[in-house]
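Sequential numbering from 1 along the given sequence is applied to the chain's residues. Read the numbers this way: they start at 1 and go in the same order the structure lists the ligands and their atoms. In what follows, every heavy atom counts, from backbone to side chain, and hydrogens, waters and symmetry copies are set aside.
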Amino acid sequence: MPATSDDFVSLSKTGSRKLPTPPQQKNHGNFIVSLGAMCAWLAPKAEALGVDLFPGFAAADLSYDDDGAVQGVIIGDMGVDREGKEKDNYVQGIEIRAPITVLGEGARGHLTKRAIKKYDLAADADPQTYGIGMKELWKLPAGRVKPGHIQHTIGWPLPSEIYGGSFVYHMDKDRVAVGFVCALDYKDPDFSPFEAFQQFKHHPMMRELLEGGEILSAGARAIVEGGYQSLPKVEMPGAILIGDSAGLLNVPKIKGTHQAMKSGMLAAEQIVESKSSQGFDARLRNSDIMAELKKVRNIRPGFHKGLWRGIITAGIETATAGKLPRTLSNHADYQQYRKRNGHRFDYEFVDRDLPPRDRLASVYFASTEHDENQPIHLKIVEPDVCFTRCEEEYGNPCTRFCPASVYEKVEDEGGKRIQVNAANCVHCKTCDIADPYQVIEWVTPEGGSGPNYINL
Ligand code: SF4
């Protein structure tokens, strides 16, 4: 549906003030679509053109030739139990080879992460930085929705030092998509992005919109925010990176789909013209895609010193189209936590009663499914760290930043441990990014497992 109007609103705990809409967030000429629905629409069209799709099969690893070049992907084995033993329905994963492998896995793709490490692709880039985006699709009482209207907010319930805000897309059939994004470089390890999202829904302006409605679906996903200065080298022997695997999202626009599509087209041109991955990095860096990111490169790091300094930086960058001869640096999110030394924020949170009640109730709306009897796909590679260091220094933030309550602190006869409720995972990748010791590794579960984001 065409976008018809935009609002940009600053919130206090009980009040709201309209601000001029930043140019990057003016949506005239854009369309509001559900990416879940768009992919379902696109799939048969791709197949009609001769593209083989393998839904239900997850690429678990990269395959390399004798010279160390990527030669394709390895599909994960099916039918393996929790202890790693073969079940009756065991099927060994196959290898799918390709002359050029194009990695477009979204933010923090697990194959991309391995490729970046193996080929040292990020050696000349700033650290990548991320946010977590949470979204709910609501059906509201008739007459309340203004189809085509888009609203963004900044301010409450986030304190100035946490970068983020909300979006509300008014859709057809009395539906609104309500979402909230928090940068993952927040300093307070006691902060919970999910709770901030739920608080936002209880602002008087939002409560008035949502009360009496029902949630149809919900989900969460990491968003890549590093942009221009965090772009890794996007070619390696036998493979290239596109879309959010490369980190092409335009943060002030809060949009990456157009960049993903353009980089996919560029990859197609590269493969047809040169039949090699070599040269794709230069092709991408000389494209409109990177010109767009260069113009806004200082906006995200401008918020490292708080909301209002960030807004001033954003104003300067917008007025000068990014032409000032400076590039602010990005930092690694997980290194920004402050140790728990008694300093606590007052988030001015309110009592809440709108659904979902808690994170587990939210998981229900993500329709996530994992066979419980399969290897846990969230590996805590150094579990000792959880209680020898993390508990005291940061209070185990994994129990709060995961939007699906996957990590739970339990104490039984065996002592304290982090219980990993992997079946709840909505594959947002936040834990892989935000764990302060980087000891959580997200690996692919059995093919077909995971959330089912209907119309989200
Ligand atoms: Fe996201 Fe990790 Fe929680 Fe899964 S376990 S929902 S990837 S934070």
Would you be so kind as to tabulate the donor-acceptor pairs closer than 3.5 Å made by side chains of residues 125-132, with sequence neighbours excluded?
residue : atom : partner : partner atom : Å
Asp126  : OD2  : Asn330  : N            : 2.9
Gln128  : OE1  : Gly226  : N            : 2.8
Thr129  : OG1  : Asp333  : OD1          : 2.7

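Annotation: side chain to side chain donor-acceptor pair (under 3.5 Å) contacts of Gln25 (sequence neighbours excluded): His152. Taking the side chain to side chain donor-acceptor pair (under 3.5 Å) definition, one finds that Tyr119 meets it with nothing, sequence neighbours left out.
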| said: Apply side chain to side chain contact (heavy atoms under 4.5 Å, CB included) to residues Met205 and Thr153 and explain how you reach the verdict. | reply: CA-CA 11 Å; Met205 181 183 79; Thr153 72; 4.0 Å; yes
| query | How far apart are the C-alpha atoms of Glu292 and Lys253, what are their side-chain angles, what is the distance that settles it, and do they pass the salt bridge (Lys or Arg N to Asp or Glu O under 4.0 Å) test? | reply | CA-CA 11 Å; Glu292 178 176 324; Lys253 257 186 190 294; 5.1 Å; no
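Between Lys117 and Asp120 there is no salt bridge, since none of the side-chain N atoms of the basic residue sits less than 4.0 Å from a carboxylate O of the acidic one.
For ligand 1, the protein residues placed under 4.0 Å by at least one non-hydrogen atom are Leu378, Cys402, Pro403, Ala404, Val406, Tyr407, Cys425, Val426, His427, Cys428, Lys429, Thr430, Cys431, Trp442.
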